[in-house]
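Taking it in order: structure first as structure tokens, then the write-up.
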Amino acid sequence: MENNLTKTYNPKEFEERIYHKWEENGCFRAVVDYSKKPFTIVMPPPNITGQLHMGHALDQTLQDVLTRWKRMQGFNALWLPGSDHASIATEVKVAEKIKNDEGKTKEELGREEFLKRAWEWKETYGGRITEQIRKLGNSCDWERERFTMDEGCSKAVTEVFVRLYEKGLIYRGNRLINWCPSCETSLSDIEVEHEDKSGKYYYIKYPLIDAPDEFICIATTRPETMFGDTAVAVHPDDKRYQHLIGRKVLLPIADREIEIIADEYPDMEKGTGAVKITPAHDPNDFIVGERHNLEKVICMNENATMNKNAGKYEGMDRYACRKLLVKELEEKGYLVKIEETTHSVGACYRCDTVIEPMLSDQWFVKMEELAKPAIEVAKDGRLQHVPERFGKIYLHWLENIKDWCISRQLWWGHRIPAYYCEDCGEIIVSRSTPERCTKCASSKLKQDEDVLDTWFSSGLWPFSTLGWPEETEDLKYFYPTDVLVTGYDIIFFWVIRMVFSGLEQMGDVPFKYVYVHGLVRDEEGRKMSKSLGNGVDPLEIIGQYGADALRFMLMTGITPGNDVRFKTDKLESSRNFANKLWNASRFVLMNIQGDLISEEKAEKMYLDEDKWILSRINSVIQEVTTNMDKFELGMAAQKTYDFIWSEYCDWYIEMVKSRLYGEDEADKDVARYVLIKVLKDMLKLLHPFMPFITEEIWSHLPETDVMLIKESWPEYNQAMDYSREEEKIELIMDVIRAIRNIRAEAETPPSKKLNLVIMAQGKERDHISKGERYIKALANILEISIVQDKKEIPEDAMSSVIRNVEIFITLDELVDFNAEVERLEKERDKLQKEIERVDKKLSNEGFISKAPQSVVDEEKDKRIKYQEMLEKVTERLEIIKRKIG
RNA sequence: GGGCGCAUAGCUCAGCUGGGAGAGCACUUGCCUUACAAGCAAGGGGUCAUAGGUUCAAGUCCUAUUGCGCCCACCA
């Protein structure tokens with residue numbers, strides 16, 4: 001047993017040491033063991049693009065709290081860590097770095113060399129991230145660390161691709177996709193962020209071929225796409241245009257003939273009711289084009305410059321073209337008018353460039369069939385969202401799902417396992433590189449240049465990390481995982497993909513619960529972002545306040561699904577709490593020299609306050625466990641905090657001091673026993689939230705050979721339920737509070753010892769006499785006399801009523817009776833008000849007959865209690881009033 | 001256009017299945033009391049957004065309204 005805690009909590013002294021100790025002792029390791037139930041969480045793999053931010057700290061702390069808690073509960077807890085290659089995001093970063101360092105573009109460098117640099121990047125930043133995860137205290141099984149592009153995960157990706165292709169669920173198609181002209185790749189629908197922006201409506205005349213003086217007027221926000229127009233559509237019911245259907249117009253500038261067609265698509269109320277149809281550059285127009293078999297004319301290049309179909313505008317950027325084209329249209333009399341408008345514009349989620357809908361050959365996943373089982377599991381409860389409302393969002397999205405474009409024109413990622421025969425054009429999708437074309441036997445095969453959407457591999461994470469497609473023991477034992485913890489911002493990107501992938505490949509949900517948390521916002525409530533520069537670095541905070549304080553700050557006062565605000569205040573208060581616990585532990589350690597007595601021996605000698613604190617921690621254990629079961633982690637942390645500070649420190653330690661400093665050795669032994677016992681339970685309850693400080697204190701306590709991380713979670717113990725006796729100590733506490741109150745109001749220095757007279761009968765008298773020494777110590781009282789006769793009440797005293805107990809404090813100086821009257825009158829008024837309120841309730845027929853008996857009885861008891869108190873206060877008032885005339 | 005969330009003390013937020021309003025910080029007063037000034041003790045401060053409804057009883061459930069925020073959607 002050691003007792004060398006420093007005076008102030010200093011996390012730097014032990015956090016790193018303790019983490020090493022855990023790791024060295026394999027505390028985070030989880031291996032298949034059928035004697036225990038598994039509890040599995042796979043870590044949402046952080047992107048290797050940079051370093052951890054506060055969002056990660058929140059996300060991971062939640063997971064670590066759950067993991068540590070379940071581990072203590074006896075589960076075989078596996079928290080599997082890893083990182084994500086983050087295809088597009090990393091590629092952009094690496095390209096930037098190459099540009100800065102070497103002044104080269106990635107094309108100049110070449111694919112192979114570029115990938116080499118990307119792997120170097122991964123080594124550097126991946127390593128940095130794992131170090132950060134360690135600093136947070138996270139108890140993940142490092143021996144199982146994975147990367148979305150490691151051999152196993154890559155194998156899983158190929159396997160899934162091939163399987164889906166063979167089932168006809170992956171297809172290659174020439175469709176309209178979202179194109180980022182800056183990243184020069186396609187994007188899936190959810191990778192496009194829409195924002196309302198102000199723009200202009202351009203009304204343009206398209207003259208009729210057979211009647212050049214007549215024209216049809218269309219409205220568009222993107223005139224430059226007119227080079228891709230292949231029709232003008234009007235609604236079949238639109239009377240204005242009936243006579244024009246089937247006739248042809250001249251596409252101005254482009255000098256091409258296009259037909260006016262009838263289609264349900266145009267809205268007669270909007271614009272002119274006539275719409276230019278550009279199937280290669282607008283998703284709606286694409287559909288109309290399909291219906292009418294229209295030609296699809298592409299008028300832009302991949303970098304969003306105009307192509308040869310734009311004639312003299314070829315090579316010009318789309319916006320430059322727009323400007324000049326409008327000018328030309330105006331000059332030539334085609335422009336009718338320009339209106340201001342706001343419309344939704346889509347931008348790339350990585351680089352914020354306005355996306356261009358483009359017609360392109362891409363790979364897609366057919367979603368309808370895959371979505372069905374994913375919908376089912378959410379409906380039948382096999383998959384549950386915490387909080388529930390996210391289940392609705394999940395369902396709504398799945399029920400309206402569209403095919404998923406999975407090919408990306410990038411280099412960093414899983415290359416698509418499709419090969420094209422240069423002789424016959426056959427497409428071969430294969431697990432390994434084929435040697436010959438399966439159709440014409442040609443050996444001239446070329447692999448698809450594209451890579452897969454990064455979320456394709458993330459979607460397989462819960463089983464690819466456990467060894468799939470091999471049928472590993474791990475997979476059998478740990479899958480399905482238990483909880484997925486993630487932010488609401490990636491439900492669509494990630495959660496849904498994992499669910500349908502898991503159901504399709506594994507035949508079971510990838511996890512039973514989805515715990516959804518919010519974002520970490522800055523002190524002003526703004527989203528933390530790089531562009532605002534308002535991000536807070538978790539490592540800096542850990543350096544300043546310690547990992548435990550950061551973790552606790554993130555865990556308290558939060559509710560699932562809601563955003564958390566980063567507050568320095570809250571951080572300080574968490575750090576102060578750690579310090580409080582630290583010092584309480586120091587106090588305990590200073591007072592427990594020697595061996596502890598046995599439980600049997602202690603049990604026989606418990607005093608009231610021992611029973612009280614034991615009973616209280618027992619209740620707290622029960623409540624906190626219930627909260628944890630319901631994912632109410634913030635509430636669990638709060639209750640633990642309150643108990644430690646307001647009950648153990650503020651009351652129990654203070655009460656026990658008089659015993660520890662007293663003469664009775666047996667009494668001391670019991671106090672020591674209880675102090676340690678309760679402290680140990682507190683440390684256990686707090687450990688998931690503050691693992692470092694609790695483990696450090698634990699190591700100094702007697703009889704702690706097993707590390708706290710391996711200890712079992714405390715359980716409710718019927719034998720420790722002294723709740724019926726709690727009122728004994730609560731009465732003492734009330735008396736002490738009342739004395740302190742009087743003292744403060746009388747402005748008596750706390751150092752001044754006072755004499756106290758208490759009038760009490762029956763069991764209260766008994767309780768108080770047992771608690772005399774605490775009253776003396778905690779309220780700084782010199783002498784207490786407990787009386788039963790009114791005659792013994794000192795005349796010159798201040799008084800207060802607690803239940804049916806009256807206390808009187810005699811002061812050396814004369815009591816200011818006028819002030820005393822005022823004080824008592826306030827007390828009386830308050831009691832009268834209470835009685836009135838209770839009477840109103842009790843006189844309500846409905847209340848008496850319909851409210852539960854226990855509630856009614858409670859009110860009746862109150863009525864009696866208040867009445868008694870009121871009588872006493874009134875009587876006292878009369879005496880004083882008489883006295884001062 | 002559809003959906004969701006929030007509105008509680010000066011600030012930031014808790015408040016689970018309805019039964020006398022809470023915490024942290026800030027504020028006032030007094031204390032360096034032998035674990036802790038990163039502390040101790042005592043206090044002030046709230047018609048729980050508004051209006052209805054259900055109920056014996058509503059911060060809590062229902063409806064509507066207002067304000068703020070978010071998500072989804074093919075508004076040419």
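Bear in mind the structure is a predicted one, so any value in this text is a computation, not a measurement. Order of the sequence lines sets the chain letters (A, B, ...), proteins ahead of strands, with each chain counted from 1. Values below: all heavy atoms of this structure, side chains included; hydrogens, waters and symmetry mates excluded.
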Where do N or O atoms of nucleotides 69-75 of chain B meet protein N or O atoms at under 3.5 Å, pair by pair?
{"residue": "B/C74", "atom": "OP1", "partner": "A/K402", "partner atom": "NZ", "Å": "3.3"}
{"residue": "B/C74", "atom": "O2'", "partner": "A/N284", "partner atom": "OD1", "Å": "3.4"}
{"residue": "B/C74", "atom": "O2'", "partner": "A/N284", "partner atom": "ND2", "Å": "2.1"}
{"residue": "B/C74", "atom": "N1", "partner": "A/N284", "partner atom": "OD1", "Å": "3.3"}
{"residue": "B/C74", "atom": "O2", "partner": "A/N284", "partner atom": "OD1", "Å": "2.6"}
{"residue": "B/C75", "atom": "O4'", "partner": "A/K270", "partner atom": "NZ", "Å": "3.4"}
{"residue": "B/C75", "atom": "O2'", "partner": "A/K270", "partner atom": "NZ", "Å": "2.1"}

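- Under 3.5 Å, the side chains of A/D229 and A/T278 contain a donor-acceptor pair of N or O atoms.
- Using N1 to N3 plus N6-O4 or O6-N4 for Watson-Crick, or N1-O2 and O6-N3 for G-U wobble, each under 3.5 Å, B/A26 pairs with nothing.
- Out of B/A35, B/C40, B/C56, the shortest distance to the side chain of A/W645 is found at B/C40.
- Residue contacts shown for A/F286 are absent, as no nucleic acid heavy atom lies under 4.0 Å away.
- Residue A/R740 places at least one side-chain N or O under 4.0 Å from the OP1 or OP2 atom of B/A42.
- When the C1' atom of B/G5 is taken as reference, atom CD of A/E388 falls 15 Å away, rounded to whole Å.
- Tested against A/F492, the residues A/F390, A/Y349, A/W397, A/Y394 include a single ring pair (Phe, Tyr, Trp, His ring centres under 6.0 Å) partner, A/W397.
- Within the shown strands, B/C31 is the pairing partner of B/G39 under the Watson-Crick or G-U definition, both distances less than 3.5 Å.
- With rounding to whole Å, A/F587 atom CZ is found 15 Å from B/C40 atom C1'.
- At a threshold of 4.0 angstrom between heavy atoms, the contacts of A/D569 are confined to the sugar-phosphate backbone, with no base atom among them.
- Here the C1' atom of nucleotide B/A38 and the NZ atom of A/K570 are 18 Å apart, to the nearest Å.
- Here B/A41 presents its P atom at 8 Å from CD of A/E654, a figure rounded to the nearest Å.
- Listed nucleotides: B/A38, B/A35, B/G24. Nearest to the side chain of A/N576: B/A38.
- When each of A/Y9 and A/K841 is assigned the nucleotide of RNA chain B bearing its nearest heavy atom, the one mapping closer to the 5' terminus is A/K841.
- Separating the CD atom of A/Q638 from the P atom of B/U12 is a distance of 18 Å, rounded to the nearest angstrom.
- Across B/A7 and B/C48, the matching C1' atoms stand 10 Å from one another, rounded to whole Å.
- Using modelled atom types, one finds no donor on one side chain facing an acceptor on the other under 3.5 Å when comparing A/N780 with A/K752.
- We find that CD1 of A/I558 is positioned 15 Å from P of B/C6, with the value rounded to whole Å.
- Relative to the ring axis of A/Y652, A/K657 does not place its NZ or CZ within 45° and under 6.0 Å from the centre.
- Summarising the base pairing, B/U60 is matched to no nucleotide, lacking a Watson-Crick or G-U wobble pair whose two defining distances lie under 3.5 Å.
- Here A/R389 lies in heavy-atom contact (under 4.0 Å) with sugar-phosphate atoms only.
- Along RNA chain B, the nucleotide nearest A/G557 and the nucleotide nearest A/P266 are compared for position; the residue whose nucleotide lies closer to the 5' end is A/G557.
- Both distances falling under 3.5 Å, in either a Watson-Crick or a G-U wobble arrangement, place B/G1 opposite B/C72.
- Contacts of A/T568 classified as side-chain hydrogen bond (donor to acceptor under 3.5 Å, both in side chains), with partners at least two apart in sequence or in another chain: A/E523.
- For A/K567, the listed nucleotide lying nearest its side chain is B/U12; candidates were B/G19, B/U12, B/C40.
- Taking 4.0 angstrom as the limit, A/T8 places none of its side-chain polar atoms (N or O) nearer than this to OP1 or OP2 of B/A38.
- Atom pair A/R586:CZ and B/U34:P shows a separation of 12 Å (rounding to whole Å applied).
- Of the P atoms belonging to B/G10 and B/U47, the separation is 8 Å, rounded to the nearest Å.
- Take A/D522 and apply the side-chain hydrogen bond (donor to acceptor under 3.5 Å, both in side chains) test, not counting sequence neighbours, and it matches A/R526, A/N534.
- Taking atom C1' on both nucleotides, B/G45 is separated from B/G22 by 14 Å, rounded to a whole Å.
- Using a 4.0 Å heavy-atom criterion, one finds that A/I653 contacts the bases of the nucleic acid, with or without backbone contacts as well.
- For the C1' atoms, the distance from B/C25 to B/G19 is 31 Å, rounded to whole Å.
- Among the heavy atoms of the strands, none lies under 4.0 Å from A/R743.
- Nearest nucleotide to the side chain of A/S573, out of B/G24, B/G15, B/G43: B/G24.
- A 3.5 Å limit on both hydrogen-bonding distances identifies no Watson-Crick or G-U partner for B/A14.
- Nearest nucleotide to the A/T221 side chain, out of B/A35, B/A76, B/A42: B/A76.
- Remark: B/C6 base-pairs with B/G67. Criterion, Watson-Crick or G-U wobble with two distances under 3.5 Å.
- With hydrogens and angles ignored, a donor-acceptor pair under 3.5 angstrom links the side chain of A/K580 to the base of B/C36.
- At least one cation-pi condition fails for A/K205 and A/Y334: the charged atom is not both under 6.0 angstrom from the six-membered ring centre and inside a 45 degree cone around its axis.
- The P atoms of B/A42 and B/A23 are separated by 12 Å, rounded to the nearest whole Å.
- Of the N and O atoms on the side chains of A/T225 and A/K276, at least one donor lies less than 3.5 Å from an acceptor on the other residue.
- The separation between A/E859 atom CD and B/G19 atom C1' is 8 Å, rounded to whole Å.
- Remark: the separation of the P atoms in B/C56 and B/C11 is 38 Å, to the nearest Å.
- Taking each heavy atom of A/L550 and A/I541 in turn, the nearest pair found is CD1-CG2, 3.9 Å.
- For the residue pair A/T559 and A/N562, a side-chain donor N or O sits within less than 3.5 Å of a side-chain acceptor on the partner.
- Here A/N583 does not reach the OP1 or OP2 of B/A38: none of its side-chain N or O atoms lies under 4.0 Å away.
- With distances taken from any side-chain atom of A/K7 to the nucleotides B/A42, B/A37, B/A14, the minimum falls on B/A37.
- Comparing the P positions of B/U12 and B/G69 gives an interatomic distance of 15 Å, to the nearest angstrom.
- In terms of phosphate contacts, A/Y661 brings a side-chain nitrogen or oxygen within less than 4.0 Å of OP1 or OP2 of B/A35.
- With B/G15, B/C56, B/A42 as the candidates, the nucleotide lying closest to the side chain of A/M635 is B/G15.
- A/N780 comes within 4.0 angstrom of nothing in the nucleic acid, heavy atoms only.
- Separating the C1' atom of B/U60 from that of B/G1 is a span of 32 Å, rounded to the nearest Å.
- Shortest non-hydrogen contact noted between A/G525 and A/R521 is O-NH1, 3.1 Å.
- Of all nucleotides listed (B/A14, B/C13, B/A35), B/A14 comes nearest to the side chain of A/N562.
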